[in-house]
Trainee: 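The structure follows.
Throughout, protein chains are lettered first and strands after them, A, B, ... in sequence-line order, and every chain is numbered starting at 1.
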Amino acid sequence: MRYLPHTEGDVAEMLETLGISDMEDLFEVIPASCRRSTDLDLPRPMSEWELDHFMENLSARNTIDHDCLLFLGAGRYNHFIPETIGAVLGRSEFSTSYTPYQPEISQGTLQALYEYQTLMTRLTGMEVANASLYDGASALAEALLMAVRVTKRKKIVLSTAVHPAYRKVAATYLKPTGCEVVELPFLPSGRTDLSPLDEVAEPAVLALQSPNFFGCLEDLSRAAGLVHESGGLLAATFTEPLAFGLYRAPGVDGADIVCGEGQSLGIPVSFGGPGLGIFATLEKHVRAMPGRLVGKTRDRSGRRGFVLTLATREQHIRRERATSNICTNSSLCALASVMYLASLGGTGFRDLARLNYDKAEYLKRGLAGAGWEIPFSAPTFNEFVTAIPGDGEEVYRRLKEKNILAGVPLKRWYPDLSEHYLLCVTETTSRDRMDMLVSEVRS
Amino acid sequence: MKERTGTTGLVFNEPLLWEMGRTGRSGMSPPPRDVEPAEVCEELQGKGPDFPDLSEPEVVRHYTRLSQWNFGVDSGMYPLGSCTMKYNPKTNERQAARKGFASAHPLLPDELSQGALRLMAELERCLAQITGMDAGTLQPAAGAQGELTGMLIIHRWFENRDDRRTKIIVPDTAHGTNPASAALCGFRALAARSGPHGILLPETIEELMDDETAGVMVTNPNTLGLFEENMEEISRIVHERGGLVYCDGANMNALMGLVDMASTGIDILHLNLHKTFSTPHGGGGPGSGPVMVRKELEPFLPVPRVVEDESGALRLSENHPLSIGKVHTFYGNFGVMVKALSYILSMGPNLKRASELAVLNANYIKELLKDTYHLPYDRTCMHECVFTDALQQSYGVTTLDISKRLMDYGFHPPTIYFPLVVKGALMIEPTETESKETIDTFIESMRSIAREAREEPDLLLNAPHYCKTERLDETGAARKPCLAG
Amino acid sequence: MKEISELLFPDDVFYAEDHEWARLDGGVITVGINDYAQDQLGDIVYVELPRVGDTFEKGEEFGTVESVKAVSELYMPVGGEIVAVNTDLEDSPELINQSPYGDGWLIKVKPDDETEIEELMDKETYLAMLKEED
């Protein structure tokens, strides 16, 4: 086996050094009743050539954008990723290293993570960002737990316009804590109805997503005002960070915690994972923050360098009183995103955001002109909801037969929104493809 | 000894990203604009983030130079205890990058994602085979999230039986994340001391386990690198008192094909694909932490689950009313799963040989270094062995100094000051992918460092000498945190 | 870390099991951590202290001190109300390392019961306890 360097001769010499004659002697300490009596029932080892064929066949059984017109977003976005990301990220000094616990031989990862943290504060409009969490959903769950710690309150107010999977993950994390979750409905505009907030006494946190699951921008600055009045925090989550190239960052509108998914920033959709959990907050809350942090410092000769810092918040030191149990995070995806943002630059980021918006508006107008309804009036970014008039499900099915997936059906999560579909358009959706959908709808 | 592998080379200084570039440069060419600009809601519009503008060569050179300040498994031996830093096969990366996997959208209808679902089903089957457990989930994104998932399953199991339990036993040789994971589910961790030989004694569990205790969370092999020989008896005691046994399987690299984990009596086991199954650690992630369970606990696994219809078609099923819920936005770190399955298919039944050689390498190091470094538990170890600095302290050097000096010899340091039960611990896990020659050089280097400690301790106290930086001021970094530029 | 014999243990304070010290002066008890505790922790980087006006029972946790890689909880050697906290520690936590019995004090307490301080250990008893632990 090519990954195992030992020859029979090597093994014999090593066993001799140990004063034993048989490999089996090393496992004598294991009770016989716990030993496996049979060989592993796995297929015989594949050669690299066979593996290529096997995986090529398997991967070909997934439909991708190339085979079909896909207008899918809803938490994972098909953006263009330049070749440079793969080339630099694939350098094995980055990919085959461990968590940078030994800073003198990990300065590459550490400086890149410091750059990532910095860019994330600028993206979200916050003061500090951590070195990543697993994904958007767990980042929101961690934000809610953090708000409970900071405010010492146990009531969580969550909009139903937050991604359904995020709400489910939050509920899973919160269940054993005994926190109460109050859900806010959404308005005909597609925005969250903030009025029930008045009746919630002592909220720990209000969590909104913007752009929300329907693609609509929330009024974060009004929400911040309302929840701060009652002494709670505003947690703003997101699934599409590119929106902050066009719209104001949540931090500017008064959010206390900004958390969400960074997959859009140079990371492939990859059937939903790995993603990148972005997490940022205000400096005054840094000690309540989950996850690793990289800080700038000096070495003994005064040269600039970087280290993991404020580790006393973390599980390996504070044990059961840690701010989170997270250890391994999404470091390499954080590096991908900082490389992507470096490639795009501030100018490119704004241009790309605008292009996404303009294309989505183009399709929105086209579909409305073809008779599909646009039920929500609030401004959107690169996703929007349509309601297909008549037998919408039948229309959707017919389009699918023609290799067009006209968005994600919302009925599964919102029974009241049958015949409603969430469509997404990015810079990779050409005008021709949008025109094809519109002309199919017209016919 | 042969020539030391560590040496100096030309290493570049490099500014921070925002100290570079000029406004107006671009390092990317997105698809062209083919629509007219639309009107934007002014009230919501922002200025956009302040990112530096750079060209493609600047970006590539910047991160190439940064990468050269890093040490990875591809650079040299990385004997970091309990982290299983084995070689990461290159073909795995190629498989995960295939367009059909990397571009597959998670919300495609089931019939259009049969390849991805088949891959997940196949990986679940392989992991069940390797561990001896009945069913599993691939959803947790890392080991600690696997632990959390396991604890949530235990919490839900007792809730479903209307049995309120508030405590859980965690031995002193368990992984560091365990108490924090238990605490997230409202369980108070009861510390159990390991016995004089470094393993848990049944009488300790006998004493702690009562009807308010949910069970025990063991790491096997434990963080001393020792097999918990009394697991069957411990599991029996816990089960008799209505509890469940959770096993942290982060150290499974010692046991593949050798131990049937189910027969040790455990109910839940998490694995780390980024340790045992060769996927790269990425400087801290992404990983993947599947959780395997016994049949009785299967209904509690997270949703959606991959199920097979009679026709052989796979689908994602949400309909499991006893499920704990969901821990990931979608189905877990699929990209990592592709790499792990690639490894398993490349190895096949040879996985057993990998475990044997991992254990052989660790015992070989233990045998040849035990006269040089203090070995607190002198027994046959599994995949890792734990030394201390006790013999070097009189020269004024510590575990930290030994580790830093090891960098000059071209090796990554071991895990240090862990497990906490051993003072000044040096926890060494060579893995099976290091050759005898490399292991011999490592041993010689460790001996040479011990000699230096005696004769020239300053070499250790001022180490490392050949890295990008000297030792860094961690105290200053924590006193006046500077977390963004 | 130093040998116990190299550390300072003044005679004019009382010692608690968890390595805090307490000194009674004009009806107010000043509390800090002793030389052994600061030496064990190493460079202190952060201190979390209660607010003036908070009240605690004897033995209750009132804050934490942190070094780079350790956190240590602080326990009340006597019960009472916090009347002052050492705000200099916010910017200069190293004062605890430099002067554990002086500028590195943590809190001042108005005790519920002044005589509670006498239940703590004197220097000799405390040193005997340390040696036993060692």
Trainee: Please flag which part of P379(A) lies under 4.5 Å from any non-hydrogen atom of chain B: side chain, backbone, both or neither.
Mentor: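 The answer is the side chain of P379(A).
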Trainee: Which bit of E232(B) comes within less than 4.5 Å of chain A, counting heavy atoms only: side chain, backbone, both or neither?
Mentor: side chain
Trainee: Between F94(A), Y247(A), F271(A), who has the most heavy-atom pairs with chain B when the cutoff is under 4.5 Å?
Mentor: F271(A)
Trainee: Can you say whether T309(A) sits under 4.5 Å from chain B via the side chain, the backbone, both, or neither, judging by heavy atoms?
Mentor: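 T309(A) touches chain B through side-chain heavy atoms alone.
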Trainee: Looking at chain A, which one of K86(B), M231(B), H412(B) has the largest number of heavy-atom pairs inside 4.5 Å, strictly under?
Mentor: H412(B)
Trainee: Examine whether an atom of F101(B) lies under 4.5 Å from a heavy atom of chain A, and if so say whether it belongs to the side chain, the backbone or both; otherwise answer neither.
Mentor: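 Both parts, heavy atoms under 4.5 Å.
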Trainee: Side chain from CB out, backbone as N, CA, C, O: work out which of these in L352(A) comes under 4.5 Å of a heavy atom of chain B, or both, or neither.
Mentor: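 Contact with chain B involves the side chain of L352(A) alone.
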Trainee: Pick one of side chain, backbone, both or neither for F306(A), based on which atoms fall under 4.5 Å of a heavy atom in chain B.
Mentor: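 For F306(A), heavy atoms of backbone and side chain both lie under 4.5 Å from chain B.
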Trainee: Contact part of R44(A) toward chain B, heavy-atom cut-off under 4.5 Å: side chain, backbone, both or neither?
Mentor: backbone
Trainee: Using heavy-atom distances under 4.5 Å, tell me whether L108(B) contacts chain A through its side chain, its backbone, both, or neither.
Mentor: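 Both backbone and side chain.
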Trainee: Which atoms of L368(B) are under 4.5 Å from chain A, going by heavy atoms: the side chain, the backbone, both sets, or neither?
Mentor: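 For L368(B), side-chain heavy atoms alone lie under 4.5 Å from chain A.
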Trainee: For the residue pair H163(A) and F330(B), categorise the inter-ring angle as parallel (less than 30°), tilted (30 to 60°) or perpendicular (more than 60°).
Mentor: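 If you compare the ring of H163(A) with that of F330(B), the planes turn out perpendicular.
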Trainee: For T347(A), is there any backbone N or O sitting under 3.5 Å from a side-chain donor or acceptor partner on D53(B)?
Mentor: yes
Trainee: Counting distance only, does the side-chain N/O of R122(A) pair as donor-acceptor with the main-chain N or O of D50(B) below 3.5 Å?
Mentor: yes
Trainee: Any idea which heavy atoms bring L184(B) and T177(A) closest together, and the distance?
Mentor: O-CG2, 4.4 Å
Trainee: Mind checking whether W18(B) and Y114(A) have parallel, tilted or perpendicular rings, split at 30° and 60°?
Mentor: tilted
Trainee: Is it true that R300(A) and D473(B) make a salt bridge, defined as a side-chain N closer than 4.0 Å to a carboxylate O?
Mentor: no
Trainee: Heavy-atom distances under 4.5 Å only: say whether N272(B) touches chain A with side chain, backbone, both or neither.
Mentor: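 No part of N272(B) comes within 4.5 Å of chain A.
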Trainee: What part of F349(A) is in contact with chain B, defined as an atom under 4.5 angstrom from a non-hydrogen atom: side chain, backbone, both or neither?
Mentor: side chain
Trainee: Go through the atoms of L145(A) and report whether side chain, backbone, both or neither lie under 4.5 Å from a heavy atom of chain B.
Mentor: side chain
Trainee: Under 4.5 Å, counting heavy-atom pairs only, tell me which of D41(A), L89(A), T17(A), L341(A) racks up the most with chain B.
Mentor: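 Most heavy-atom pairs under 4.5 Å with chain B: D41(A).
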Trainee: Flag yes if more than 12 heavy atoms outside R94(B) fall under 6.0 Å of its CZ atom; otherwise flag no.
Mentor: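 No, not enclosed.
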Trainee: With a 4.5 angstrom heavy-atom cut-off, which part of M85(B) approaches chain A: side chain, backbone, both or neither?
Mentor: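 For M85(B), side-chain heavy atoms alone lie under 4.5 Å from chain A.
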Trainee: With only heavy atoms counted, which part of V408(A) is less than 4.5 Å from chain B, the side chain, the backbone, both or neither?
Mentor: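 Just its side chain gets close to chain B.
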Trainee: At a heavy-atom separation under 4.5 Å, does N78(A) approach chain B through its side chain, its backbone, both, or neither?
Mentor: neither
Trainee: What part of S29(B) is in contact with chain A, defined as an atom under 4.5 angstrom from a non-hydrogen atom: side chain, backbone, both or neither?
Mentor: backbone
Trainee: Testing the basics here: between R303(A) and E470(B), what is the closest heavy-atom pair and its distance to 0.1 Å?
Mentor: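 Closest heavy-atom pair between R303(A) and E470(B): NH2-OE2, 3.2 Å.
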Trainee: Which one, V338(A), T297(A), L217(A), L293(A), leads in non-hydrogen pairs under 4.5 Å with chain B?
Mentor: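 Highest number of pairs under 4.5 Å: T297(A).
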Trainee: Relative to chain B, which segment of E28(A) carries a heavy atom at a distance below 4.5 Å: side chain, backbone, both, or neither?
Mentor: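 Neither part; nothing is under 4.5 Å.
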Trainee: What part of S138(A) gets within 4.5 angstrom of chain B, counting heavy atoms only: side chain, backbone, both, or neither?
Mentor: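 Side chain only.
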Trainee: Using a 4.5 angstrom heavy-atom cutoff, name the option from E361(A), H316(A), K168(A) with the most pairs to chain B.
Mentor: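 Answer, by heavy-atom pair count under 4.5 Å with chain B: K168(A).
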Trainee: Less than 4.5 Å to any heavy atom of chain A: does that hold for the side chain of E36(B), its backbone, both, or neither?
Mentor: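 Backbone only.
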Trainee: With a 4.5 angstrom heavy-atom cut-off, is it the side chain or the backbone of P37(B) that approaches chain A, or both, or neither?
Mentor: both
Trainee: Using heavy-atom distances under 4.5 Å, tell me whether L119(B) contacts chain A through its side chain, its backbone, both, or neither.
Mentor: both
Trainee: Is it the backbone or the side chain of F227(B) that comes under 4.5 Å from a heavy atom of chain A, or both, or neither?
Mentor: side chain
Trainee: So, H6(A) and N361(B): side-chain donor and acceptor under 3.5 Å apart, yes or no?
Mentor: yes
Trainee: Considering only NZ, NE, NH1 and NH2 on the basic side and carboxylate oxygens on the acidic side, decide whether R471(B) and E104(A) come within less than 4.0 Å.
Mentor: no
Trainee: Under 4.5 Å heavy-atom distance to chain B, tell me which part of L335(A) shows up: side chain, backbone, both or neither.
Mentor: neither
Trainee: Sequence neighbours excluded, which residues qualify as ring-ring contact (aromatic ring centres under 6.0 Å, His included) partners of H328(B)?
Mentor: none
Trainee: For S33(A), which atoms come within 4.5 Å of any heavy atom of chain B: side chain, backbone, both, or neither?
Mentor: both
Trainee: Flag the one option from T64(B), N88(B), T380(B), T264(B) with the top tally of heavy-atom pairs under 4.5 Å to chain A.
Mentor: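 Option with the top pair count is T64(B).
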Trainee: Answer with side chain, backbone, both or neither: which region of F244(A) has an atom nearer than 4.5 Å to a non-hydrogen atom of chain B?
Mentor: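 Only the backbone of F244(A) comes within 4.5 Å of chain B.
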Trainee: So what's closer than 4.5 Å to chain A heavy atoms on Y364(B): side chain, backbone, both or neither?
Mentor: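 Both backbone and side chain of Y364(B) come within 4.5 Å of chain A.
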Trainee: Can you list everything that forms a salt bridge (Lys or Arg N to Asp or Glu O under 4.0 Å) with E127(A)? Sequence neighbours excluded, please.
Mentor: none
Trainee: Could you check which of G178(A), A165(A), P5(A), S343(A) has the highest count of heavy-atom pairs closer than 4.5 Å to chain B?
Mentor: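 Greatest number of close heavy-atom pairs with chain B: S343(A).
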Trainee: S106(A) side chain to N70(B) main-chain N or O, any donor-acceptor pair under 3.5 Å?
Mentor: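 Not confirmed, S106(A) side chain does not pair with N70(B) backbone.
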Trainee: Quick one: do E320(A) and R188(B) make a salt bridge, cutoff under 4.0 Å?
Mentor: no
Trainee: Between L332(A), L4(A), T96(A), who has the most heavy-atom pairs with chain B when the cutoff is under 4.5 Å?
Mentor: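 It is T96(A).
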Trainee: With the threshold set at 4.0 Å, does a side-chain nitrogen-carboxylate oxygen contact exist between R91(A) and D74(B)?
Mentor: no
Trainee: If I measure from the heavy atoms of chain A, does P31(B) come under 4.5 Å with its side chain, its backbone, both, or neither?
Mentor: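 Both the backbone and the side chain of P31(B) come within 4.5 Å of chain A.
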Trainee: Looking at R33(B) and E427(A), is there a salt bridge between them, counting it only when a charged N and a carboxylate O are closer than 4.0 Å?
Mentor: no
Trainee: Is A478(B) in contact with chain A via its backbone, its side chain, both, or neither, using a 4.5 Å heavy-atom distance?
Mentor: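 Contact with chain A involves both backbone and side-chain atoms of A478(B).
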